[in-house]
Student: 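Sharing a structure with you now.
Only a predicted model underlies this, so the values are computations on that prediction, with no experimental measurement involved.
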Amino acid sequence: MGGIEQARKTAEALEHSTGFGNQHSSEAVPGALPQGRNSPQRAPLGLYAEQLSGSAFTEPRAHNRRSWLYRIRPSAAHPPFARIGNGAIRTAPFTESVPDPNRLRWDPLPEPAPGTDFLAGLWTLGGNGDATQRTGMAVHLYHADASMTDRVFSDSDGELLIVPERGGLLLRTELGLLRAEPGHIALIPRGVRFRVELLDATARGYVCENYGQPFALPDLGPIGANGLANARDFLAPVAAYEDDDRPVEVVNKFCGNLWSATYDHSPLDVVAWHGNHTPYVYDLHRFNVIGSISYDHPDPSIFTVLTSPSDTPGLAGVDFVVFAPRWLVGEDTFRPPYFHRNVMSEYMGLIEGAYDAKTAGKGGFVPGGGSLHNMMSAHGPDRETFDRASEAELRPQKIDDGLAFMFETRWPVTATGQAATAGHLQRGYDDVWQGLSRNFRP
C-alpha cells in the first residue's frame, strides 16, 4: 500500500493551470522558461529546447496545436525501438470481423491478472477508420491492479480520452502531473509520454482513441456564449520533471503496433514548457446541462462535452457526450430518450449508478459495462423503462443517481474478434425490448 499512499499524497497536492485550448506556460525551476523567444542559442539552465507539434505547422492558428518543451535531454537521444507484442490492443482498420448491425452489450471486464498495469490492461472493443490515415477512432477498456513502474507510454496514432469508472489514476506526463478519479475524464494528446499510477487497489474504465482531428469544445450556436463544458473547468498540469538516471522502458504505439526502447533515463524530464498541446482533466459533474423546459426530450447532441470535427460541418469523427445529473420538467413528454435510429454509431458506457433508459442490475446495463448500437440499428428504452415512464406522474424530477457517457462516431464500429466472442458479451440483449406489445386501438 506504500506506493498507493504515496501516489495519493502526491495527487492531493497537485497544482494546475486552467482553461481548455489556452496558451499555458509553466516552469518547475525559476528561470527555466526562455522569455521573448522559443529557441535561444543556449536554452536556460543548460536545457534543450524542443517543439512537440500536434498539428501541421500550417494549419490555421485557431486549430494549431504545439508546445515548446525545455528538457534535460532531447527526445532524439534514444536507442532504436523494437517491436513487442500488442497484447489485447487492436487498431483500425479492423479487418478480423465484419461490422455488425445487431445491438450488442457487454458486462464489465473481468478482474485483471495480478500485476497488470494500465498498458497491459488495455483491451480493444472495436472502432473504425484507419489510424495510418488519421481518421476514425477506437474504443478500449482497461483494468489494472498495478502501477506502471520503470516504463512510460505514448500513442503516435491518436489522442487518448480516458474515462475512469473504478479507482483513481495519477497521470505523470511530460508536461506535469494530473489526477483523474471516477467522474473525471483525462485527455492525453497524441505523442505525449505518460505513466499511470494507481490511487486505489484496482482501476477500471474506458478509453476513446481518437485518430482524427483533436478534440475541441463544440460550438454553442443559439445556446449563446455559455453552457455545456466551460473552458475554465479544464485543468492542465504545471511543470514537474524527473531527473532520474535509471533504465526506463518507453513504449510507443505506432501504426497499430507497440514498439519498445530502453532509455538510460526517464523521458519525463521537462523542466519548463509553454503551448496548447497539453493534457487536461475535467470533472464531468461540472458540465452545465442544457435541456427542455417545455416539452420533448432534446437530441443527445445537447450533451456534447468534446467533439473531433470532420470535413463535413456538424458531422463528427467522434463526439464525447455525457448524461450528467439534471432536472426533467417536460410537460406531456416521454422523458427518457426516445426510440430512434441514427446515422451515427453509439458506444455507451456507465460510470456510476444507473442510466434512465436502461434497466440496471445483473444482466443489465451496469457500471463498467457498455453497449454498441451501430448506425441505423433501432434502439431506445427497454420495456421496463417504457412501461414506467409512460405511467409516471409528470412532476419535476431530478436525475442524480447516475453518470453515463457516449462515444458517438460517424462510421460503424466494427467489434474486434475478442469482443465479438468475449465471455462477458451479453447474449440475449435483444430480449430487453421483448414485451413491447401492440397497443394500437383504431
Side-chain angles (χ1 to χ4, degrees), residues 7 11 14 16 20 54 87-89 91 108-109 112 116-125 127 137-148 151-200 202-211 214-215 229 233-237 251 253 277-287 305-308 318-322 347-352 367-368 370 403-407:
L14 293 183
H16 304 93
F20 187 91
I89 298 173
T91 302
L109 284 177
T116 300
D117 66 16
F118 173 85
L119 180 55
L122 281 173
W123 186 89
T124 308
L125 183 138
M137 52 84 74
V139 178
H140 309 281
L141 291 88
Y142 70 87
H143 55 181
D145 67 353
S147 295
M148 292 173 65
R151 71 169 173 171
V152 299
F153 178 54
S154 69
D155 192 335
S156 296
D157 292 339
E159 62 183 346
L160 300 174
L161 181 66
I162 302 172
V163 186
E165 176 267 324
R166 184 179 72 184
L169 307 177
L170 177 63
L171 305 172
R172 294 185 183 267
T173 81
E174 289 183 89
L175 286 76
L177 281 65
L178 292 171
R179 173 184 183 175
E181 299 277 3
H184 298 169
I185 57 173
L187 183 61
I188 306 293
R190 186 192 302 266
V192 170
R193 296 175 179 137
F194 68 101
R195 182 171 71 243
V196 179
E197 298 178 12
L198 303 193
L199 300 178
D200 297 283
T202 62
R204 188 173 70 187
Y206 311 83
V207 178
C208 178
E209 184 182 16
N210 174 27
Y211 309 135
F215 277 116
D233 290 329
F234 286 80
L235 304 180
V251 179
K253 183 174 182 290
H277 189 63
T278 178
Y280 292 101
V281 291
Y282 173 72
D283 185 348
L284 294 172
H285 295 93
R286 294 195 172 193
F287 186 76
V305 181
L306 295 168
T307 185
S308 170
V318 57
D319 283 331
F320 175 69
V321 178
V322 66
Y347 174 82
M348 177 172 283
L350 185 61
I351 300 168
E352 60 186 45
L403 188 63
F405 72 90
M406 189 162 63
F407 301 146

Student: Can you confirm whether P237 sits close enough to L177 that some side-chain heavy atom of one is under 4.5 Å from a side-chain heavy atom of the other?
Tutor: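 Not in contact.
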Student: Could you walk me through whether Y280 and L306 pass the side-chain contact (heavy atoms from CB on, under 4.5 Å) check?
Tutor: CA-CA 12 Å; Y280 292 101; L306 295 168; over 6 Å; no
Student: State the OG1-CG distance between T116 and L109, to the nearest 0.5 angstrom.
Tutor: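 Going from OG1 on T116 over to CG on L109, the span is 11.0 Å.
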Student: CD of E174 to CZ of R193: how many Å apart, nearest 0.5 Å?
Tutor: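 Reported to 0.5 Å precision, the distance equals 5.0 Å.
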Student: Identify the heavy atoms of P367 and P108 that sit nearest to each other, and give their distance.
Tutor: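 It is O-CG, 3.3 Å.
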Student: Do C208 and V318 come close enough that some side-chain heavy atom pair is under 4.5 Å?
Tutor: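 Side chain of C208 against side chain of V318, heavy atoms only: contact under 4.5 Å found.
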Student: Using the test side-chain contact (heavy atoms from CB on, under 4.5 Å), find all partners of H16 that sit at least two apart in sequence or belong to another chain.
Tutor: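 For H16 the side-chain contact (heavy atoms from CB on, under 4.5 Å) partners, ignoring immediate neighbours, are L14, L178, L235.
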Student: Look up atom CG in D200 and atom CG in D145, then write down how far apart they are to the nearest 0.5 Å.
Tutor: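 Going from CG on D200 over to CG on D145, the span is 12.5 Å.
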Student: Return the CG to CG distance between L171 and L199, rounded to the nearest 0.5 Å.
Tutor: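 It comes to 8.5 Å.
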Student: Taking side chain as C-beta onward, heavy atoms only, is S308 less than 4.5 Å from P214?
Tutor: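 Of all side-chain heavy-atom pairs linking P214 with S308, none is under 4.5 Å.
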Student: Looking only at non-hydrogen atoms, find the nearest pair between A186 and A180 and report the distance.
Tutor: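 That closest heavy-atom pairing would be CB-CB, 4.1 Å.
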Student: Heavy-atom distance under 4.5 Å between the side chains of F320 and F407, does that happen here?
Tutor: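 They are in side-chain contact.
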Student: Which residues satisfy the salt bridge (charged side-chain N to carboxylate O under 4.0 Å, His left out) test with E197, sequence neighbours excluded?
Tutor: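 E197 satisfies salt bridge (charged side-chain N to carboxylate O under 4.0 Å, His left out) with R172, R195 only.
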Student: How far apart are the closest heavy atoms of A7 and L170, and which atoms are they?
Tutor: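 Heavy atoms only, the tightest pair is O-CD2, 3.9 Å.
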Student: Going by salt bridge (charged side-chain N to carboxylate O under 4.0 Å, His left out), name the residues that satisfy it together with D283, two or more places apart in sequence or in a different chain.
Tutor: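 Once residues adjacent in sequence are excluded, D283 has no partner under the salt bridge (charged side-chain N to carboxylate O under 4.0 Å, His left out) criterion.
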Student: Nearest 0.5 angstrom please: T91 OG1 to H140 NE2, how far?
Tutor: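 If I round to the nearest 0.5 Å, the distance is 6.5 Å.
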Student: Please report the C-alpha distance between V207 and F118 in whole Å, then the side-chain angles of each, then the deciding distance to 0.1 Å, and finally whether the side-chain contact (heavy atoms from CB on, under 4.5 Å) criterion is met.
Tutor: CA-CA 11 Å; V207 178; F118 173 85; 4.2 Å; yes
Student: Are any non-hydrogen side-chain atoms of I351 and L284 less than 4.5 angstrom apart?
Tutor: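 Yes, side chains in contact.
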Student: By ring-ring contact (aromatic ring centres under 6.0 Å, His included), which residues pair with Y206, not counting sequence neighbours?
Tutor: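 Applying ring-ring contact (aromatic ring centres under 6.0 Å, His included) to Y206 gives F405.
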Student: Under the side-chain hydrogen bond (donor to acceptor under 3.5 Å, both in side chains) rule, what do T307 and D319 come out as? Steps first, then yes or no, please.
Tutor: CA-CA 4 Å; T307 185; D319 283 331; 2.5 Å; yes
Student: Testing the basics here: between A138 and Y211, what is the closest heavy-atom pair and its distance to 0.1 Å?
Tutor: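 Residues A138 and Y211, closest heavy atoms: CB-OH, 3.3 Å.
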Student: Tell me every residue that passes side-chain contact (heavy atoms from CB on, under 4.5 Å) with A146, counting only those two or more places apart in sequence or in another chain.
Tutor: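 Testing A146 for side-chain contact (heavy atoms from CB on, under 4.5 Å), a comparison that skips the adjacent residues, returns none.
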Student: Does any non-hydrogen side-chain atom of L161 lie less than 4.5 Å from one of N210?
Tutor: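 In short, these two side chains do not touch, never coming nearer than 4.5 Å.
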Student: Treating R190 as the side-chain partner and S156 as the backbone partner, does any N or O pair qualify as donor plus acceptor under 3.5 Å?
Tutor: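 Checked: pair present.
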Student: Between L119 and I89, does a side-chain contact (heavy atoms from CB on, under 4.5 Å) hold up when you go through it step by step?
Tutor: CA-CA 9 Å; L119 180 55; I89 298 173; 4.1 Å; yes
Student: Between L169 and L198, is any pair of side-chain heavy atoms under 4.5 Å apart?
Tutor: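 Yes, side chains in contact.
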Student: Which heavy atom of A404 sits nearest a heavy atom of L350, and at what distance?
Tutor: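 Smallest heavy-atom distance, with atoms named: CB-CD1, 3.8 Å.
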Student: List in chain and number order the residues that pass side chain to side chain donor-acceptor pair (under 3.5 Å) with R179, two or more places apart in sequence or in another chain; answer none if no residue qualifies.
Tutor: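 For R179, the residues satisfying side chain to side chain donor-acceptor pair (under 3.5 Å) (neighbours in sequence not counted) are E181.
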Student: Is the backbone N or O of F215 less than 3.5 Å from a side-chain atom of E159, with the two atoms forming a donor-acceptor pair by type?
Tutor: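 Between the backbone of F215 and the side chain of E159 there is a qualifying donor-acceptor contact (under 3.5 Å).
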Student: Could you work out, with side chain to side chain donor-acceptor pair (under 3.5 Å) as the rule, every residue matching D155, not counting sequence neighbours?
Tutor: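 If we apply the side chain to side chain donor-acceptor pair (under 3.5 Å) test to D155, skipping adjacent residues, there are no hits.
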Student: Just to verify, what does Y282 make a ring-ring contact (aromatic ring centres under 6.0 Å, His included) with, not counting sequence neighbours?
Tutor: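 Expected list: F234.
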Student: Could you walk me through whether E165 and L141 pass the side-chain contact (heavy atoms from CB on, under 4.5 Å) test, one step at a time?
Tutor: CA-CA 10 Å; E165 176 267 324; L141 291 88; over 6 Å; no
Student: Of all residues at least two apart in sequence or in a different chain, which pass the side chain to side chain donor-acceptor pair (under 3.5 Å) check with T173?
Tutor: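 Per chain and number, T173 pairs via side chain to side chain donor-acceptor pair (under 3.5 Å) with no residue.
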Student: Any non-hydrogen side-chain atom of M137 less than 4.5 Å from a side-chain atom of V139?
Tutor: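 Sidechains of V139 and M137: in contact.
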Student: Checking S154 now: which residues fulfil side chain to side chain donor-acceptor pair (under 3.5 Å) with it, not counting sequence neighbours?
Tutor: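 Scan of S154 (side chain to side chain donor-acceptor pair (under 3.5 Å), adjacent residues dropped) gives N252.
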Student: Holding to salt bridge (charged side-chain N to carboxylate O under 4.0 Å, His left out), I want the full list of residues that pass it with D117, two or more places apart in sequence or in another chain.
Tutor: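 Salt bridge (charged side-chain N to carboxylate O under 4.0 Å, His left out) list for D117, sorted by chain: R151.
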Student: How far does CZ of R204 sit from NE2 of H143, to the nearest 0.5 angstrom?
Tutor: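 That separation rounds to 10.0 Å.
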Student: Just jot down the salt bridge (charged side-chain N to carboxylate O under 4.0 Å, His left out) partners of D157, sequence neighbours excluded, or say none.
Tutor: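 Scan of D157 (salt bridge (charged side-chain N to carboxylate O under 4.0 Å, His left out), adjacent residues dropped) gives K253.
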